[in-house]
Amino acid sequence: MSIKTRMIKERVYFFLSYVSVGITLFILGSIIFYTFINGFRSWNLDFFLLPESSPLDPRQGIAHAIQGSVIVSFTAAALATPISILAAIYLSEYASDKIRGYISNILEIMASIPSIVVGIITYLLFVEPLRTFSAFAGSMALTIMMIPYMTRVCEDTFLSIGKEYREAGLALGLHKWKVSTYIVLRMGMRGIITGFALAFGRIFGETAPLLFTALGSRTFFTGFLNPVSSITLLIYEYSKSPFETWINIAWGAAALLMIIILFINILIRFVVGKRI
Amino acid sequence: MNIKVKIRNLNVWYGKKHVLKFFSLDIFENAVTAIIGPSGCGKTTLLRVINRLHETVPGARVDGKVYIDGINIYSDEVNPVEVRRRVGMIFQYPIVFPHLSIYKNVAIGLILNGYKDKEFVRKRVINSLKEVGLWNEVKDRLDDRATELSGGQKQRLAIARAIALRPEILLMDEPTSSLDPSSTARIESLIIRLKENYTIVLVTHLIQQAARVADYIAFLYDGRLIEYGPADEILKRPKKNLTERYLVREL
């Protein structure tokens, strides 16, 4: 192969990789740009403070959906976080290699279940028996989504902590649970926060698991055993509607959702980027 | 001199590997006993048997008796956690907990072992830091992260953490192997000072270090105790051919 052909190949290769990066950035950029341009137009005080009204009423907002998202997601996070951390501690500190292997596989499978299927399962488990769509069922669906993600990140974090720290703790005459709690868990705090933020960012943007569980609502939260709205459910409903007011509000809600998710991602970088 | 630790007919296995074989040894109180021998001869395992830390490794098995002050620490009534409170350990690499301050790194053993009186803990921490000669270097930055200390300081901090619990025995597993010569010299003189209050078992791969600090030397080879006695005798007039060959670095 002559030098000339090699140089041409090299140039083509570089050109193609630049083009690929360009396409990726263009797609991402246009999604963000288009959403923000369309979304910010409907942002005003009413948008953040008022709940839904008639599609003909110019004064309305998504406050009920923001409230619903926050309630459902935080309830799920409050349930999933301790379960995930304890499960990860069990896997990294107590389980034999064999059991850890089995459970890790199960978690892998759980994490890859399509979210709509999680919604259906939660429907069968919590909606049918209680005979009502509810914020509770929505939270349970998101909890089920969150646990495998967070457990895996926490487990990886704990396993990456050298065994010498555990031995140093045991050598001080500490019981194993104290070593797990006060050394392994504390040393892994950054990993836990990262795992939490990743999982939370994911469930906060979920729609499918909420469709058959939280259902959606036109009003503010009225109790855990009643249906509740969420930002994503609102986007789903409004974007299908024939009313321009609602379609615009859906854009506004989409922009807000993206900003929240971006913010969570930046927060992760901040936490992970900070040195010990 | 009193015998502090008495090991009788000890066998240790990791899985199928027979690491210590029919091992017996007496360790004297308030003395430095150095364990020497080629890599993989069972030195570290011997240390970890004395505080029952080896049993945290899956597949480890012990047969035989280890007496501390006449009590067999492998009898059913003895809780390994209690043993480890009485037997401190220093590791090959200085271990500081990166999430804790300098102060907390020393206090952690006391706090987590249930010492609730803050003033008592504080005094213990200060005394321990003074005992290892670290107090003057860290007294103005007790709340700083311990990871900012140098390697030699970290190792002295680890020793302070161990002695804060006032153990009777200190096990040291090649404590200077990752340190520069001047830090090594400080740790060695510290070891000599510490033997006034503690019984010290030191694993080392440096014969010169054993010569500098040890009162007794045990030479191990392939999981067996080959020779044991006062340091001078072992170093100057070894009785066994294997010991002599190790000392002149033929092994």
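Quick note on labels: first sequence line is chain A, next is B, and so on, each numbered from 1.
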- [ ] Carefully, step by step, assess A:E167 and B:F91 under the rule side-chain contact (heavy atoms from CB on, under 4.5 Å).
- [x] CA-CA 9 Å; A:E167 292 195 333; B:F91 297 83; 3.8 Å; yes
- Query: Above 12 or not: heavy atoms from other molecules or residues under 6.0 Å from CZ of A:F263?
  - Reply: no
In short, B:I95 meets A:A168 closest at the heavy-atom pair CG2-CB, 3.8 Å
Check: B:H99 side chain to A:L185 main-chain N or O, any donor-acceptor pair under 3.5 Å?
Finding: no
The reported gap from NE2 in A:H175 to CZ in B:R84 (rounded to nearest 0.5 angstrom) is 10.0 Å
(Q) Does B:Y93, at its OH atom, have more than 12 non-hydrogen atoms belonging to other residues, nucleotides or ligands within less than 6.0 Å? (A) no
Does A:Y182, at its OH atom, have more than 12 non-hydrogen atoms belonging to other residues, nucleotides or ligands within less than 6.0 Å?
no
Correct closest heavy-atom pair for B:F97 and A:Y165 would be CE2-O, 3.7 Å
For atom NZ of A:K176, decide whether the heavy atoms of other residues, nucleotides or ligands shown that lie under 6.0 angstrom number more than 12. yes
Honestly, the part of B:V96 sitting under 4.5 Å from a heavy atom of chain A is backbone
(request) Count the heavy atoms belonging to other residues, nucleotides or ligands that lie under 6.0 Å from CZ of B:R122, then report whether that count exceeds 12. (result) no
Taking atom CZ as the centre, does A:F33 end up with more than 12 heavy-atom neighbours from other residues, nucleotides or ligands that are less than 6.0 angstrom away?
no
So, the part of B:L112 with a heavy atom under 4.5 Å from chain A: the answer is both
One should read off an interatomic distance between B:L100 CG and A:R186 CZ, to the nearest 0.5 angstrom, of 8.5 Å
NZ of A:K178 to CD1 of B:I111, rounded to nearest 0.5 Å, is 11.0 Å
May I have the step-by-step check of side-chain contact (heavy atoms from CB on, under 4.5 Å) for A:L170 and B:N51, ending in yes or no? CA-CA 10 Å; A:L170 291 172; B:N51 68 348; over 6 Å; no
Closest heavy-atom pair, A:G173 versus B:R85, reported as atoms and distance to 0.1 Å, is O-NE, 3.0 Å
Turns out that what part of B:R48 lies under 4.5 Å from chain A's heavy atoms comes down to side chain
Exercise. Should we count CZ of A:F48 as having more than 12 external heavy atoms under 6.0 Å?
Worked result: yes
Has the side chain of B:N113 got a donor or acceptor atom that lies under 3.5 Å from a matching backbone atom of A:L172?
yes
